[in-house]
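To start, the structure itself, in structure tokens.
Keep in mind that this is a model prediction, so the values were computed, not measured.
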Amino acid sequence: MNIKQFLFISGILCFLSVDLSGQEGASKTEKSEASFIEGTMLLVLDKYEEANTIFLRLLKEDKQNATLNFQISRCYLGLDKKVEGIEFARKAAQLDPNNTYFFERLVDLLLDEGMLSEATVYAEKLYLLEPQNDLYFNHLISILAHQESYEALTDAIQGKIDTYGASPDLYLKLAGTQMKMGKYKKAENTMNRALEEFPKESEVHLQLIAYYADRNEDSKAKDAIDRFLVDFPQKEKFLFEIPLVGKLINGASGTDNPLLTIINAPQLSLDQKIKEIIPYLSAFVNEQNTDAKQVLMEIIDDLESQYPDEPKVKAIKGDLYFYAEDYKQAVNAYEDCLNYKNNLLAVWEHLLYAYYHTGNVKTMLERADDALLYFPNQAAIWYYYALSLVENHQYEDALYEIEGYNYLISGNLLQTVNAHILKSRCYLAQNQSDKALVEIDAGIEAENKAGISNGNPYLEIYQLIILTEDPSKKTEAKKLSLKLENLNSIALYQYAKAKSLFQNDEVSDALEAINVALTGKHPVTGDFYELKGDIHLKLDQKDLAQKAYLLAIEKNGNPNRINLKLNRLR
């Protein structure tokens with residue numbers, strides 16, 4: 001028996017001395033005590049069935065014994081019979097309405113089972129047993145807040161203030177609840193009242209400033225900031241932790257950029273500055289907010305000049321260019337970052353994606369191989385490694401590595417689709433069209449299992465590309481091409497459409513489609529230029545065909561296949 005178990009049994013014996021005393025004769029009491037101790041020992045040893053048998057027998061002799069009901073509750077819970085466990089916990093609390101431990105346990109049980117209304121009732125009773133106990137009060141109001149019972153929550157906090165006196169924390173909790181109810185004027189009045197009663201409490205000042213800043217009440221916010229700086233000049237740095245407050249401090253600094261004051265504040269740490277930057281980056285990335293993008297672009301170089309060796313800054317710079325789709329600049333920033341800290345997974349993922357979108361698939365393959373040294377079990381790294389093998393025409397190696405990727409994504413239907421597309425591309429390049437179509441069908445089936453109605457458009461686009469490789473399926477390819485017309489903004493679809501038209505000897509239309517494809521966004525356009533060369537050759541425009549084939553090799557097209565075509569031109 002360990003010390004915790006010993007102390008628990010000692011505590012139970014204290015209950016026992018109260019609850020089992022005064023029964024018929026000393027001998028019967030002693031037998032009951034011995035049985036109770038035996039049951040408690042069995043309970044401590046997790047022998048719930050045997051312990052419960054003893055406690056239920058004792059309960060027949062003393063039905064009003066709260067401790068026995070509590071022990072029976074614990075046995076049922078140990079047996080995973082939660083309904084019975086809660087029932088006996090209720091009885092224990094009802095029989096001993098002054099026992100805070102019983103009430104604590106009952107409230108926790110009810111919360112675990114999602115019985116919030118009843119948990120609230122007992123949490124309130126628990127609080128009333130010891131109204132000065134802040135733990136019980138906080139437990140009650142957290143339950144009310146979780147239920148969004150804001151009226152009851154307001155009453156509880158106000159009752160605490162009226163009965164036991166106010167505190168800064170209580171006022172701020174009350175103001176926060178009032179804001180959740182949409183009663184902003186009341187919340188403002190509550191914080192101002194807190195400020196009057198506790199003028200030296202810096203947190204009250206800060207919360208009021210945050211309130212004004214959040215509601216764009218700049219004049220009131222500036223007044224509150226000035227007051228704070230007079231009372232707490234040594235705590236100025238805490239102001240910068242309030243979102244968007246930098247532009248209000250000291251009337252900004254002769255610029256419209258709200259981050260410039262923060263970036264140039266020597267009293268702030270880098271983490272504090274980054275905390276202020278993140279909302280702008282989120283607005284740019286998630287909401288495509290061009291103003292946020294402009295604000296960040298204006299300050300990022302200044303920030304880097306202040307912290308030239310800091311990987312966090314270089315990563316943020318990389319992200320800024322990455323989401324602005326300036327992938328070459330993103331690559332430079334990420335590579336710079338990895339020179340200082342090379343085990344940042346998100347940076348590696350973005351770097352490999354950026355290399356792909358610059359068309360630099362040779363370096364992408366090299367860096368993906370490097371990334372696997374740091375993250376051998378990360379599916380995203382394996383995906384980029386397999387993708388780079390495909391783009392470098394190493395199809396056998398790619399098929400092998402895709403199996404490793406499949407192992408890591410087991411059960412993830414969405415990522416399984418990516419694996420099927422990669423495999424279909426490998427089989428297509430190896431002139432195994434039937435296998436390629438099987439992979440596309442498997443990808444579509446995976447989407448159906450995941451319940452996705454409008455899934456990955458590249459599944460059907462690659463299906464079309466595969467069909468255009470088989471002369472016997474030209475009619476099927478043309479029908480699919482017409483079905484996919486809604487994807488005409490995707491460069492790869494225009495390429496697939498051009499192949500279908502070329503397959504049907506509609507050469508002029510095919511040339512038009514491939515030119516449209518080349519004006520769109522696609523990372524690796526080698527196949528596009530190769531098709532353009534084929535079309536020019538069909539039109540007997542040999543010089544233009546040769547030019548297109550050479551560009552295809554330059555743009556990472558398949559050199560072996562294209563060189564054969566060039567040799568026929570010579």
Would you say [X] and [Y] make side-chain contact, with heavy atoms under 4.5 Å?
X      : Y      : answer
Tyr405 : Asn418 : yes
Thr475 : Lys479 : yes
Ile381 : Leu345 : yes
Gln378 : Trp348 : no
Asn563 : Arg561 : no
Gln494 : Asn488 : yes
Ile299 : Ile262 : no
Tyr385 : Leu365 : yes

Kindly give the heavy-atom pair with the smallest separation between [X] and [Y], and that separation in Å.
X      : Y      : answer
Cys426 : Ala398 : SG-CB, 3.7 Å
Ala496 : Thr468 : O-CG2, 4.1 Å
His393 : Pro559 : CD2-CD, 3.7 Å
Gln415 : Ala379 : OE1-CB, 3.9 Å
Ile514 : Leu511 : CG2-O, 3.1 Å

Between the main-chain N or O of [Y] and the side-chain N or O of [X], is there a donor-acceptor pair closer than 3.5 Å?
X      : Y      : answer
Ser424 : Ile421 : yes
Thr519 : Val516 : yes
Lys273 : Ile263 : yes
Gln503 : Asp470 : yes
Asn392 : Val361 : yes
Glu460 : Leu484 : no
Tyr334 : Asp319 : yes
Asn342 : Leu338 : no
Thr525 : Phe528 : no
Trp382 : Glu403 : no

**Item:** Tyr321/Asn332 under side chain to side chain donor-acceptor pair (under 3.5 Å): CA gap, chis, key distance, verdict
**Value:** CA-CA 10 Å; Tyr321 285 118; Asn332 293 336; over 6 Å; no

**Item:** Check: His350 ring centroid to Tyr327 ring centroid under 6.0 Å
**Value:** no

**Asked** Looking at the rings of Tyr353 and Phe322, which for Trp means the six-membered one, are their centres under 6.0 Å apart?
**Response** yes

What distance do [X] atom [atom1] and [Y] atom [atom2] have between them, rounded to the nearest 0.5 Å?
X      : Y      : atom1 : atom2 : answer
Leu320 : Tyr280 : CG    : OH    : 14.0 Å
Lys565 : Asn558 : NZ    : CG    : 9.5 Å
Glu485 : Leu480 : CD    : CG    : 11.0 Å
Tyr150 : Lys180 : OH    : NZ    : 5.0 Å
Ile274 : Leu268 : CD1   : CG    : 12.0 Å
Asn504 : Lys474 : CG    : NZ    : 5.5 Å

**Candidate pair Arg105 and Leu109, rule side chain to side chain contact (heavy atoms under 4.5 Å, CB included), full reasoning** = CA-CA 6 Å; Arg105 183 63 178 147; Leu109 286 173; 4.1 Å; yes

Do other residues, nucleotides or ligands put more than 12 heavy atoms under 6.0 Å from [X] [atom1]?
X      : atom1 : answer
Tyr307 : OH    : yes
Asn286 : CG    : yes
Lys547 : NZ    : no

**Complete:** Quick note, side-chain hydrogen bond (donor to acceptor under 3.5 Å, both in side chains) partners involving residues 287-296, not counting sequence neighbours, are Gln294-Glu298

**Prompt:** What residue pairs, at least two apart or across chains, pass side-chain hydrogen bond (donor to acceptor under 3.5 Å, both in side chains) with a residue in residues 505-515?
**Reply:** Lys478-Glu506, Asn515-Lys532

Going by atom types only, do [X] and [Y] share a side-chain donor-acceptor pair under 3.5 Å?
X      : Y      : answer
Tyr395 : Asp397 : no
Glu366 : Tyr355 : no
Asp302 : Ser305 : no

Would you call [X]-[Y] a salt bridge at under 4.0 Å N-O?
X      : Y      : result
Lys317 : Asp301 : yes
Lys341 : Glu310 : no
Glu469 : Lys499 : yes
Arg215 : Glu217 : yes

**Message:** Tyr48 vs Asp46, test: side chain to side chain donor-acceptor pair (under 3.5 Å). Steps then yes/no.
**Reply:** CA-CA 5 Å; Tyr48 304 114; Asp46 298 338; 2.9 Å; yes

**Prompt:** Could you walk me through whether Arg425 and Glu439 pass the salt bridge (Lys or Arg N to Asp or Glu O under 4.0 Å) check?
**Reply:** CA-CA 9 Å; Arg425 292 183 62 192; Glu439 292 299 330; over 6 Å; no

**Message:** Just to verify, what does Asp370 make a salt bridge (Lys or Arg N to Asp or Glu O under 4.0 Å) with, not counting sequence neighbours?
**Reply:** Arg367

**Request:** Check step by step if salt bridge (Lys or Arg N to Asp or Glu O under 4.0 Å) holds for Lys555 and Asp527.
**Result:** CA-CA 8 Å; Lys555 300 294 183 181; Asp527 289 345; over 6 Å; no

**Request:** Would you mind listing every salt bridge (charged side-chain N to carboxylate O under 4.0 Å, His left out) that reaches into residues 374-389, with sequence neighbours excluded?
**Result:**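 Not a single pair qualifies under salt bridge (charged side-chain N to carboxylate O under 4.0 Å, His left out).
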
**Request:** For residues 343-362, pull every pair meeting salt bridge (charged side-chain N to carboxylate O under 4.0 Å, His left out), keeping only residues two or more places apart or in separate chains.
**Result:**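 For residues 343-362, and leaving out neighbouring residues, there are no salt bridge (charged side-chain N to carboxylate O under 4.0 Å, His left out) pairs at all.
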
**Asked** Looking at residues at least two apart in the chain, or sitting in another chain, which of them share a side chain to side chain contact (heavy atoms under 4.5 Å, CB included) with Ala552?
**Response** Tyr529, Glu530, Ile562

**Message:** Checking Leu437 against Lys473 for the side chain to side chain contact (heavy atoms under 4.5 Å, CB included) test, could you report, in this order, the C-alpha distance in whole Å, the side-chain angles of both residues, the deciding distance, and whether it holds?
**Reply:** CA-CA 12 Å; Leu437 284 173; Lys473 294 179 179 177; 3.6 Å; yes

